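What you see is a predicted model; the values in this text were computed from it and never measured.
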Amino acid sequence: MKVIIIEDEIPAAEKLERLLKEIQPETEIVGKAGSVKKAVELFQNSQDFDVVFMDIQLTDGKSFEIFNQVEINKPIIFLTAFDQFAIDAFKVNGVDYLLKPLTYDALEASLQKLERFRGQFESGGSDMAQLSEMLAKISGSGASYKTRFMVKVGEHIRSIQTSDTALFYADGRTAYLITNNKDKYVVDYKLESLEEILDPKEFLRVNRTFIININAIKDVLIYSNSRLRITPIVDLDKEIIVSREKVSTFKDWYGGE
């Protein structure tokens, strides 16, 4: 089985590759990409593969944008943190999904389903057109994004408006929300999940650790090796450095349309 992996998180891509080869040792990874741009280039240069594993959120946008530029007549299994109501749409179109974090059993079941439905994609065209339309509806301008977060303070529960949030950051396995008033709360989400439920016009994941609100940026400085350093409006004992692979995306996002 020849596989293409479209995933911007290196650890997630490595885990997927490892599990695939445990389940089907003959698996051959014939291509990898972590952005819409690189994925489009990959598919333009080759259609010699059997299945694509594709993350929804990539470094430069949602993966549905790929289908606006290239035609893919092969099965796609999505890696996602979307809620169940969105997942149902994938089921209707005969495309499987894997919720993060990925598990051996879920991947094995997905590969078994792939074998049952492989024939639907060999004729090409119509299924991908439906998929592209469905993805656009989920990820486009009509998408709804999270407007409030419930947090715990001792024995109390508070509701924090997303618009009052300056940034999110991860420390180990724990993610934190920092408000514009410098309050700090633990949130029950991973950064990968937050990327998909926050409005991408307002929030951007600038590296593995930080998601920043565009309205919470006080200053941006040119940093070493063509990277950027963000100074937020809240005091923070950590540096926020835009990773090299996100610099171009950040400039487009920060500069606006």
Side-chain angles (χ1 to χ4, degrees), residues 1-36 38-59 62-67 70-139 190-193 195-196:
M1 178 176 66
K2 295 181 179 180
V3 173
I4 284 180
I5 296 176
I6 309 298
E7 167 65 72
D8 64 335
E9 294 290 332
I10 294 176
E14 291 177 343
K15 181 179 181 180
L16 172 59
E17 183 174 353
R18 175 175 55 81
L19 290 177
L20 281 170
K21 291 185 176 180
E22 286 181 12
I23 297 170
Q24 294 190 7
E26 73 281 5
T27 296
E28 179 184 359
I29 308 301
V30 297
K32 292 181 181 180
S35 67
V36 172
K38 293 295 184 182
V40 169
E41 292 174 357
L42 182 61
F43 292 124
Q44 286 175 337
N45 292 328
S46 175
Q47 289 286 321
D48 184 22
F49 56 89
D50 300 308
V51 61
V52 181
F53 286 85
M54 184 179 289
D55 191 8
I56 294 290
Q57 180 67 49
L58 302 174
T59 58
K62 295 287 196 304
S63 57
F64 80 95
E65 297 171 19
I66 296 169
F67 302 99
V70 292
E71 184 175 349
I72 306 172
N73 295 322
K74 299 291 177 68
I76 298 172
I77 296 175
F78 284 92
L79 311 174
T80 179
F82 273 128
D83 291 333
Q84 188 61 43
F85 76 90
I87 295 302
D88 287 340
F90 292 114
K91 289 181 177 180
V92 169
N93 285 272
V95 178
D96 207 4
Y97 67 94
L98 291 168
L99 285 175
K100 295 180 177 180
L102 188 61
T103 66
Y104 181 101
D105 291 342
L107 179 57
E108 184 177 40
S110 188
L111 291 173
Q112 291 173 355
K113 181 178 180 181
L114 172 64
E115 290 302 314
R116 295 197 301 271
F117 287 91
R118 188 185 298 275
Q120 294 183 10
F121 295 86
E122 293 178 351
S123 59
S126 60
D127 289 312
M128 288 297 97
Q130 293 176 4
L131 171 62
S132 181
E133 181 180 354
M134 178 272 295
L135 281 171
K137 289 179 180 178
I138 293 176
S139 303
K190 294 183 178 181
L191 293 193
E192 290 80 5
S193 300
E195 281 186 279
E196 296 184 354

Mark yes when over 12 heavy atoms from residues, nucleotides or ligands other than Lys190 sit less than 6.0 Å from its NZ; otherwise mark no. no
Please test Glu14 against Arg18 for salt bridge (charged side-chain N to carboxylate O under 4.0 Å, His left out), starting from the C-alpha separation and ending with a verdict. CA-CA 6 Å; Glu14 291 177 343; Arg18 175 175 55 81; over 6 Å; no
CD-CG distance between Glu28 and Asp50, expressed to the nearest 0.5 angstrom: 9.5 Å
Run the side chain to side chain contact (heavy atoms under 4.5 Å, CB included) check on Leu42 and Val70 step by step: do they pass? CA-CA 10 Å; Leu42 182 61; Val70 292; over 6 Å; no
Approximate separation, where rounding is to 0.5 Å, of Ile66 CD1 and Glu71 CD: 14.5 Å
Minimal non-hydrogen separation, Ala106 against Leu98, with atom names: O-CD2, 3.4 Å
Verify the ring-centre separation between Phe43 and Phe49: is it less than 6.0 angstrom? yes
With respect to Lys32, which candidate in Glu41, Glu7, Glu17 satisfies the salt bridge (charged side-chain N to carboxylate O under 4.0 Å, His left out) definition? Glu17
Evaluate the criterion side chain to side chain contact (heavy atoms under 4.5 Å, CB included) for residue pair Val30 and Asp48; output intermediate values, then yes/no. CA-CA 8 Å; Val30 297; Asp48 184 22; over 6 Å; no
In Å, rounded to the nearest 0.5 Å, how long is the span from CG of Leu16 to CG of Leu79? 6.0 Å
I need the minimum non-hydrogen distance between Pro75 and Leu114, along with the two atoms involved. CB-CD1, 3.3 Å
Hey, is the main chain of Asp8 close enough, under 3.5 Å, to the side chain of Thr59 for a donor-acceptor pair? no
To the nearest 0.5 Å, what is the distance between CD1 (Ile29) and NZ (Lys21)? 5.5 Å
